[in-house]
Amino acid sequence: MGVWGKWVKHAKYIYNIQDFNPEQTMAIGYSKNKLIMHLMMGLDKFSCRKSDLIITVGRDLAQTIDKRFKNKRTPKTIFINNWIDEKAIYPLEKGNEEVEKFKKSYNLQNKFIFMYSGNIGLYYDLENIFKVIEKIKPGTKASDNREVVFVFIGEGTVLEKIKKYKKEKNMDNVIFIPYQDKKELIYSLNSADVHWCVNAKGIKGVSCPSKYYGIAAVGKPILGVLEENTEVRLLIEETKGGLVSTSGDYDSLKEDIDWFINNADNKELKDMGKRSREYLESNLTKDISINKYKEEILNL
């Protein structure tokens with residue numbers, strides 16, 4: 001459609017890529033039909049070639065364009081991070097009335113909360129991550145004597161599978177919550193002590209988990225499960241905003257979970273979140289990213 005619009009309107013054509021397909025489909029083995037994959041790749045490369053500018057949302061995604069074209073006649077490509085409205089999503093003081101109300105609704109008072117908030121879909125390896133969570137037995141106490149719970153907010157294609165797994169394994173420390181209204185997001189995100197930010201193995205350079213921006217906005221520490229040199233992993237490592245293990249390295253993931261549990265009363269958790277928020281305010285705000293788009297559009 002972008003190419004068609006360029007031809008019909010004699011316009012400049014900017015191709016904004018949030019996720020790469022068919023690479024995303026191939027990464028999780030969703031389709032093994034080589035003919036369809038080849039056709040999809042050909043069509044998308046055609047769209048890339050005809051663009052005046054490609055904008056991606058991560059350094060690793062920009063590298064995917066180089067790989068597609070093997071560094072030969074690569075279309076002009078830049079990356080501009082996604083953003084969040086830092087004035088709408090921000091840290092709330094401990095004991096905030098609305099946050100406590102949210103916790104009370106789901107029996108989360110006085111709990112040490114690991115939270116996953118977002119799409120519960122195919123690209124996050126949640127079925128295997130649940131096998132790691134299973135090792136943290138119900139009733140486990142964090143170092144500040146709060147009971148450890150794992151909260152999953154959202155819906156998606158994997159939800160019923162992990163609900164079934166929870167039931168079969170008697171994982172009473174796992175709680176499922178429906179998607180929250182946008183106006184309630186600030187309260188649900190602030191209710192967590194640690195936030196998951198994960199992608200499955202093979203997603204490097206293909207997709208960027210935008211949930212990072214909400215986590216950074218509320219100033220919470222991050223439990224990352226991400227491949228090396230992916231955009232969000234780089235952001236977490238550069239800001240020292242949390243702990244990150246490599247997708248598929250379940251032993252390291254267990255160690256990171258244990259660290260958070262054993263350091264629940266450690267000031268470093270608060271500092272992790274603070275560093276993420278400070279970086280977001282300086283680099284990842286709505287105005288900063290939109291101004292980058294404006295500059296690139298006007299320079300065409």
Side-chain angles (χ1 to χ4, degrees), residues 28 103 106-177 188-189 191-204 209 211-212 215 220-228 230 232-233 236-237 240-266 268-270 272-273:
I28 61 166
K103 288 183 178 180
Y106 297 101
N107 194 28
L108 298 175
Q109 298 137 299
N110 300 313
K111 301 288 197 296
F112 185 78
I113 302 168
F114 288 88
M115 179 176 287
Y116 177 97
S117 178
N119 179 259
I120 302 177
L122 296 170
Y123 306 113
Y124 309 108
D125 197 29
L126 293 176
E127 291 172 84
N128 285 315
I129 287 173
F130 253 62
K131 295 176 183 177
V132 180
I133 294 174
E134 182 191 354
K135 297 176 182 178
I136 311 299
K137 299 304 179 183
T140 297
K141 296 289 185 71
S143 59
D144 61 359
N145 207 38
R146 286 183 291 163
E147 185 180 344
V148 175
V149 294
F150 297 87
V151 174
F152 289 79
I153 301 179
E155 297 175 11
T157 54
V158 178
L159 179 58
E160 291 307 314
K161 289 183 180 179
I162 58 176
K163 277 186 172 181
K164 182 180 178 182
Y165 191 88
K166 171 200 167 173
K167 186 176 181 179
E168 289 174 348
K169 301 297 182 178
N170 299 313
M171 296 167 66
D172 296 332
N173 54 351
V174 173
I175 298 165
F176 294 102
I177 298 174
S188 62
L189 291 179
S191 69
D193 294 284
V194 181
H195 274 279
W196 294 87
C197 191
V198 308
N199 256 350
K201 190 174 183 179
I203 299 296
K204 178 181 179 180
K211 61 173 58 66
Y212 168 81
I215 300 169
K220 296 293 182 176
I222 300 168
L223 175 58
V225 184
L226 302 156
E227 292 182 88
E228 292 184 2
T230 52
V232 169
R233 177 163 180 162
I236 296 170
E237 291 174 340
K240 295 182 174 63
L243 303 180
V244 191
S245 60
T246 301
S247 304
D249 185 351
Y250 305 114
D251 290 337
S252 294
L253 172 57
K254 175 62 165 53
E255 291 175 5
D256 289 347
I257 294 172
D258 288 342
W259 186 91
F260 279 116
I261 291 172
N262 294 328
N263 289 274
D265 51 357
N266 190 328
E268 178 59 15
L269 269 73
K270 186 175 182 179
M272 285 175 172

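Each residue takes its place number in the sequence, starting with 1.
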With distance as the sole criterion, is a donor-acceptor pair present between the side chains of D249 and T246 under 3.5 Å? no
Tightest non-hydrogen contact, residues V198 and P209, listed as O-CB, 4.3 Å
Work out which heavy atom in E127 is nearest to a heavy atom in K161; give both atom names and the distance. OE1-CD, 3.5 Å
If we only count heavy atoms from C-beta on, is the N173 to F150 side-chain gap below 4.5 Å? yes
Just verifying a value: how many Å separate S247 OG and I129 CD1, rounded to the nearest 0.5 Å? 7.5 Å
Side-chain touch V232/C197, heavy atoms, less than 4.5 angstrom: yes
Under 6.0 Å between ring centres, would you say that holds for F114 and Y116? no
I'd like to know if E160 and K164 make a salt bridge, using a cut-off of under 4.0 Å between side-chain N and carboxylate O. no
Between atom OH of Y123 and atom CD1 of I203, what is the distance when rounded to the nearest 0.5 Å? 7.0 Å
Ring centres under 6.0 angstrom apart (F130, F152): yes
Given side chains that start at C-beta, do those of V151 and V149 come closer than 4.5 Å, heavy atoms only? yes
Residue pair E147 / K141, side-chain heavy-atom distance below 4.5 Å: yes
Quick one: is the NZ or CZ of K211 closer than 6.0 Å to the six-membered ring centre of Y124, and within 45° of its axis? yes
Counting C-beta onward and ignoring hydrogens, is there a side-chain heavy-atom pair between L269 and N263 closer than 4.5 Å? yes
Do I236 and L243 come within less than 4.5 Å of each other through their side chains, counting heavy atoms only? no
Can you tell me how far apart CZ (F176) and CD1 (I120) are? Round to the nearest 0.5 Å. 6.5 Å
Please give me the minimum heavy-atom distance between N119 and E155, naming the atom from each residue. ND2-O, 3.5 Å
In short, I113 meets S191 closest at the heavy-atom pair CD1-O, 3.3 Å
To the nearest 0.5 Å, tell me how far I136 CD1 sits from K254 NZ. 4.0 Å
The test is side chain to side chain contact (heavy atoms under 4.5 Å, CB included); show your working for M171 and I133 and say whether it passes. CA-CA 9 Å; M171 296 167 66; I133 294 174; 3.8 Å; yes
Quick check for you: to the nearest 0.5 Å, what is the distance between I261 atom CD1 and D193 atom CG? 11.0 Å
Is it the case that D265 and S143 place a side-chain donor and acceptor less than 3.5 Å from each other? yes
Taking C-beta and beyond as the side chain, do L108 and I175 meet within less than 4.5 Å on heavy atoms? yes
Looking at every non-hydrogen atom in both residues, tell me the closest pair between H195 and K220 and how far apart they are. CD2-CB, 3.7 Å
Flag, side chain of R146 to backbone of N110, donor-acceptor distance under 3.5 Å: no
Using side-chain heavy atoms (C-beta onward) and a distance below 4.5 Å, is M272 in contact with F260? yes
When rounded to the nearest 0.5 angstrom, what distance separates CG in N266 from CG in D144? 11.0 Å
